[in-house]
Structure formats: C-alpha cells, structure tokens
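Below is one structure, written out as structure tokens; the observations come after it.
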Amino acid sequence: MDYSVIAEAYSRIEETRKRLEMTEILVELFSKVKDDSDLLRRIVYLTQGQLSPDYQSMVLGVANKLALKAISRGSGVSPETIENWWIETGDLGFVAERAMANKTQTSLFSEPLTVNRVFDSLMNMAMKEGSGSQKTKQDIFANLFHDSSPHEAKYIARMLSGKLRLGIADMTIIDALAQTFGTEKERVEIAYNKYPALGQIAYVLSEKGLDGLDEIKIDPGVPLKAMLCERLSSLPDIIDKLGKCSFEYKYDGLRIQAHIWSDPRVGQVVELYTRQLENVTAQFPDVIEVLKASFNKTEGILDGECVPIDINTGQMLPFQEVSHRRGRKTELAKAIEDYPVSVFFFDCLFLNEEELINLPYTTRREKLASCLDISDRVFISHSLITDDPDKAEDFFQQSLSDGCEGIIAKSISDDSPYKAGSRGWQWVKFKRDYKSELDDTVDLAIIGGFAGRGRRAGTYGALLMATYNHETDTFESVTKLGSGFNDEMLASFSSMLDEHKVKKIPVRVESKMIPDYWFEPVVVMEVKGAEITLSPIHTCGLDEIRKGNGLAIRFPRFIGMREDKGPEDATTTEEMVSLYNLQLKRLE
DNA sequence: GTATGTACTTCGC
DNA sequence: CTCCGACTGATTCGG
DNA sequence: CCGAATCAGTCGGAGGCGAAGTACATAC
C-alpha cells in the first residue's frame, strides 16, 4: 500500500475535531488492510506515532532539533529559514510540507513511497546508534523525503518529532479496531487491558478474528497498562463519589509493576516495569533481591511504588533521589548504595496462573497480603477504610507527616476491577496542593517567553518566571510556566507582553535559561506548585542551599494575574529560600 | 587522539 | 505530573 | 411531549521539573 493512502486518511482526520468522524475514517483505513495482518499491525503502530508497543521501546532518537536539521538537508532550504518556520508554525509537519514545496531540486527518479518503506526506514533509523549515527539517520530521512510529496513529508516529519497531532490516541484506535472487526469497543479494551500492544492486537484480529481476542491472556513478562487516578480537591467530595472506600498513602516515588515467574532453566525471574512500561529491571537489583525473599508464591504481578529512603532512619526522601536510579547504566552499584529504596505494594494483578484484574479491589488486596512477607524494604501500602471525612482528614495529615504526597481513595465496591488508564473514578487522588485553602502560591515576574507549538503556535507556549532578589536588586529565574492558561489568557499574551519585549537579557535579570524572547520584568502572575526542588538550571537562590543549585517549582501552574503588583512586589528570593526550608522533605 | 563540555533526546514525576 | 477544550451521551428544562 | 439547554465524562494535546545517556564539537 502506498503511504499516500495513510497520509490522505490522516489529513481528513485533521480536518475534523469530531471523534466519531475520526473513528469512521480510521475504520475505513483499517478496513482496506484488515486481511493483511502484517501491514495492519504496522499501520496501527504508525498511527500511534510509534514503531512498536511501549514496552519494546523502539525509539527514533530524533526529535525537533535533529528533525529540523534533517528537513533542511533534505530540502536544501537554509537552516535559518527552517528555524523561522518552526518558530512561526510550531509544527514540524508544516515546516516539512513547506520545505518540500520549496525544494530546490526536483527529483527525476523516485521510488514509490509505500507504507512498508516508510516503516522500514523509520525502524532502520531507530536501530542506528554510535558514532556517525545522526548523519546516517538524516540520510535515511533525506531518502524518504526525496520521494515524498509535501503532503507525505508532513506526516513523516511528525513521526520524527514524536507528535502526529491527529487528535487520535489509543482509545480511538481501539474503537476503530472494534468497528473494523465488528465488535464492541469494550471487548477490544479488555484485551488491551491485559496486553498493551495495539498493533499486535490488530494483528491477532486479522489473523484469527474475534476469537483471537479471547486467547489474549496476562503473561508475566509482558507489562500491563497501569491503572491511574482521577483527582478531586476535597475529601467530602471523594466520599460522596466513592462512598465508604479505602484510603491509602500516595507515596512519592517510581511506579513499579513487578513480574515474577519461574523459568525452568534459570529459576525464579523478576522483572520491573514503570508506569509507561519501561523495563527498569537492570536499575533495581536490590529490589529484585528483597522481592525474591518476600514473595512466597511461584508467579505473580504486583503493583507498587518504589520510594527513596534514608537507610538509617527509614524516612522517605524527595522524589529527586530515586530519579538518579531510573535509566542509569553506569556506576549502578554506587547508585544503589547512594539512593536506597523501599517498595510499597498496593495491588496484585496476577497470582499463580490466576488473572485477578477483574476481581474486586478488596479481594486483590487479600491476595496481595497472602503472597508477600513484609520486610524492612518491602511493604504493603498503608491504608484505612472509612466513610468519615474527619478520619480521612486525619489519615491525610498523617500521610503528609510521614513524607507522602497525599492519599488515594480506592473504591471497595464489588465492581472495582483493575483498569488501564484513569476511567471510572475507581481511584481518586487527593494531594496537599489541591486544597485551595492551603495557599502555597507565589507571585512571579515574567522575564521571558517561549514560542508556542501546536495549538499554541503564534503565541507563547510558556513564560519564564522570576523571583525578586532584594539584596542584589535582580530577578532570578525560578520556573517556566505553561500550564493553567485558558484560551482567553493565551490570546491576551501578545498585547500584555509585547510592549515589554527587549532584544537582550535585561540588566537586572539573572538567568541561565535562554528563552526565545526576553521581557523587561513588569508583569506579575500568581503561580501554584506542589513543592520546591533543587535546580541545576534556575538561578533563584543560587548556591544558598547547595553549591551550584538554585530553586525551582515542581508542577507549576498559572493561577491568576497580579495586576496590583509591580515586579519588585513579587515573591522574593529570600521568601523562596525560607519556603524551601519549611518543607518537610528537602535535600541540603 | 583522548578528555571534557554541550546540545539534544527520552523518560520518570 | 497539571491543566484546558471539544465532543458525546445522558438528563433536565421549558414551551 | 419533544426539542433545547445543561452537565459530567472521555479523550487528546498543550505545557512544567529533573536525571541520565548519546553523539558531536571543542580543547588540550
């Protein structure tokens, strides 16, 4: 099949915002290849903007910057022009499309661009590594570019950027697959819950038809999509929603899905996966070891949180600590020693050949308790079943003083299965910073702006914000701010900020981070965050807590304008430092 | 030619 | 991780 | 009673911080 067929479908999808229409177009596309299982599988992955399921992680190693270079090289349009188009449109697809239309040389000989060729080329790019690989990747792209229409180039470029921007993701594809093969969405979803590889599910549908879905089983060694939470900002609301429920500590660490099974040749095997299904087995040999000792059954899949701790006191430490472990390949032994962790399990999805995901939550907890001997490093999450808001509030306060982010309420009804994603209000989180009365907001001066991308193209995607340092009379960067703006606010940025735009960094501004545009500090905004972190890049209170580090805000979001405040009335660096020192969990 | 620094990407929250 | 917006399907309102 | 208005839920896509690895450029 020609890639143009896909590109055509994509552009029709882009024209609408109606999900029903998008699904219809996808069904039409899938139907054309429903008997070619290999091709269907590839098209499904491409439509997800991927080449493989998450847990196999075939990544291109190319994103915006390298793609821009590649587009420039492939089209002969100068890097400067390409860069300008990028800032202007905020979309690599548009840049590639325009570059293609402006291509300096026309191609005399061209090979047809088939879906398979595009897929194979991308796969080839993903596998290239080592010295010279970036150039090879650009060559592969240039080769594709050579034979594509502007229209096709648009979607190939978006594959490189990792954002197809079609308005389509897993749930829509699930729906479309269900319709293509004549079943209800729920049935495909059930398979997806056990086996998060949509391309492979499509393949099975094509090969074996609907009966194939029933053969999809949970398999230790293949991670399941993690169940997520909704959120509410008051405990009475949560109890209204869930009734009597199980409140549990929400540990601030790394979500870990532990798979344990027995291999006839090597014996007991343990593998660990993150929320996005990254295999982190190699990073946590210490966890593997303690888990092997604690787990007293043959096979199981457990869900939990891996939390950094102080090895002497057992106290929980800031999230930053455990992130040193994630993805690490070098000096593992030292990292294990420097950043010890405990694991708190809260769910059991599979135990000795039995799938538990459709059993009620309370039953799964019982199973969990039955298969784990707790130790000084392996625990079952702290919980309290109640429908009393006051008791829940006490529990919440206790969770904070024990070093957690807050609590999660989980339904204990008979219908409380483990479901991928965050649908159905089965689990609801409640964090300290959701409480509006806890007024941990700061007022920050705008010192810079970043060009928006996608639907923020043409305005600022984020602003660079600063505290005011009284002693030095300077403004020090403390966070970028890009969340919490509504359309009206975004539309007003230009008239609010353009008059303060300056060519160079203003004299009173201290920032290591370089925005696309500088602003004279004039406008002040109220900002909320979850906590303050030690930052290698922001200059607020640089060196005050730790040499070489400033302070930054975790999960920053816009709350409102502070038109009553001038820049010198912004939160001061000094205040920021003392807020940091007031935090329960902090690094020094 | 190796060592060091930096830009970029990916992924955890 | 936080947040916003468009669409959808269900329910309520009002002529 | 039926069409219009309203509401909650779903889904997708904007954007944040930090840490690690990789490829490449530069310094010595």
Side-chain angles (χ1 to χ4, degrees), chain A residues 16-23 54 57 59-69 90 128-137 160-172 174-175 228-231 252-256 274-278 280 283 305-306 318-331 335 339 405 421-425 429 431 433-434 450 452-457 459-465 478-490 527-538 549 551-559:
Chain A
T16 180
R17 305 181 85 156
K18 295 188 168 64
R19 193 147 309 285
L20 297 177
E21 278 177 31
M22 294 174 177
T23 311
D54 289 331
S57 171
V59 289
L60 291 171
V62 173
N64 293 330
K65 294 302 173 73
L66 293 178
L68 285 170
K69 270 191 196 172
K128 289 281 179 295
E129 55 183 36
S131 185
S133 60
Q134 287 187 358
K135 186 180 176 305
T136 313
K137 288 180 187 189
L160 300 196
S161 79
K163 289 181 193 300
L164 238 33
R165 302 192 55 235
L166 299 176
I168 279 182
D170 294 6
M171 293 319 291
T172 310
I174 287 173
D175 205 356
L228 304 175
C229 309
E230 292 289 347
R231 32 178 300 187
D252 192 9
L254 221 58
R255 182 80 174 265
I256 289 288
T274 65
R275 199 171 72 114
Q276 300 296 339
L277 315 184
E278 189 190 31
V280 288
Q283 281 70 37
E305 192 87 4
C306 180
F319 172 77
Q320 262 177 300
E321 293 290 278
V322 75
S323 26
H324 290 287
R325 298 281 298 271
R326 202 211 116 243
R328 181 176 281 276
K329 295 180 179 173
T330 61
E331 296 186 287
Y339 311 108
E405 292 180 294
S422 53
R423 280 148 300 128
W425 295 94
K429 64 182 156 183
K431 287 165 70 170
D433 54 298
Y434 300 166
F450 296 85
R453 322 236 247 254
R455 65 189 305 276
R456 300 249 178 116
T459 181
Y460 303 105
L463 304 172
L464 185 57
M465 311 300 292
V478 68
T479 189
K480 286 205 279 177
L481 182 61
S483 193
F485 304 126
N486 59 23
D487 285 357
E488 192 190 352
M489 196 64 214
L490 287 164
V527 176
K528 187 170 223 178
E531 65 181 334
I532 303 169
T533 57
L534 278 184
S535 171
I537 179 74
H538 287 291
N549 284 105
L551 297 175
I553 297 173
R554 190 181 186 200
F555 309 144
R557 58 265 200 192
F558 171 78
I559 296 299

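Numbered from 1 within each chain, the chains take letters A, B, ... in sequence-line order.
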Nucleotide of [options] approaching [X] most closely (side-chain heavy atoms):
X: A:Leu20; options: D:dA19, B:dC13, C:dT8; result: C:dT8
X: A:Glu230; options: C:dG5, C:dT8, D:dT10; result: D:dT10
X: A:Ala462; options: C:dC7, C:dT2, D:dG16; result: D:dG16
X: A:Lys65; options: B:dC13, D:dG21, B:dT9; result: B:dT9
X: A:Gln320; options: D:dC24, D:dA19, D:dC17; result: D:dA19
X: A:Lys431; options: B:dG12, B:dC13, C:dT2; result: C:dT2

Find the distance [X]:[atom1] to [N]:[atom2] and express it as a whole number of Å.
X: A:Arg19; N: C:dA6; atom1: CZ; atom2: P; answer: 13 Å
X: A:Lys528; N: C:dT2; atom1: NZ; atom2: C1'; answer: 12 Å
X: A:Phe450; N: D:dG16; atom1: CZ; atom2: P; answer: 7 Å
X: A:Asp433; N: D:dG16; atom1: CG; atom2: P; answer: 18 Å
X: A:Met171; N: C:dC7; atom1: CE; atom2: C1'; answer: 15 Å
X: A:Glu129; N: B:dT10; atom1: CD; atom2: C1'; answer: 14 Å
X: A:Ile256; N: B:dC11; atom1: CD1; atom2: P; answer: 16 Å
X: A:Ile168; N: C:dC7; atom1: CD1; atom2: P; answer: 15 Å

Contact class for [X] (heavy atom, under 4.0 Å): base, sugar-phosphate, or nothing?
X: A:Lys128; value: nothing
X: A:Gly452; value: sugar-phosphate
X: A:Arg165; value: sugar-phosphate
X: A:Phe558; value: nothing
X: A:Lys429; value: sugar-phosphate
X: A:Arg455; value: sugar-phosphate
X: A:Ile537; value: sugar-phosphate
X: A:Gly162; value: nothing
X: A:Lys135; value: sugar-phosphate
X: A:Val62; value: sugar-phosphate

Check whether any side-chain nitrogen or oxygen of [X] sits under 4.0 Å from OP1 or OP2 of [N], and answer yes or no.
X: A:His324; N: D:dA20; answer: yes
X: A:Arg557; N: C:dC3; answer: yes
X: A:Thr172; N: D:dG12; answer: yes
X: A:Arg326; N: B:dC11; answer: no
X: A:Ser57; N: B:dC11; answer: yes
X: A:Ser323; N: B:dC11; answer: no
X: A:Lys329; N: D:dG21; answer: no
X: A:Ser535; N: D:dC17; answer: no
X: A:Gln134; N: D:dT22; answer: no
X: A:Lys163; N: D:dG12; answer: no
X: A:Tyr434; N: C:dT2; answer: yes

Is there a salt bridge (Lys or Arg N to Asp or Glu O under 4.0 Å) between A:Asp487 and A:Arg455? Walk through the geometry before answering. CA-CA 10 Å; A:Asp487 285 357; A:Arg455 65 189 305 276; 3.5 Å; yes
Kindly assign one of parallel, tilted or perpendicular to the pair A:Phe558 and A:Phe485, based on the angle between their ring planes and the thresholds 30° and 60°.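 If you compare the ring of A:Phe558 with that of A:Phe485, the planes turn out tilted.
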Do side-chain atoms of [X] reach the backbone of [Y] as a donor and acceptor pair under 3.5 angstrom?
X: A:Glu405; Y: A:Lys431; value: no
X: A:Thr533; Y: A:Ser535; value: no
X: A:Thr479; Y: A:Leu481; value: no
X: A:Lys528; Y: A:Tyr434; value: no

Of A:Arg275 and A:Asn486, whose nearest nucleotide on DNA chain C comes first from the 5' end?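 The residue mapped nearer the 5' terminus is A:Arg275.
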Taking the side chain as every heavy atom from C-beta outward, state whether A:Asn549 and A:Pro536 have any atom pair closer than 4.5 Å. yes
Within 6.0 Å of NZ in A:Lys429, more than 12 heavy atoms from elsewhere: yes
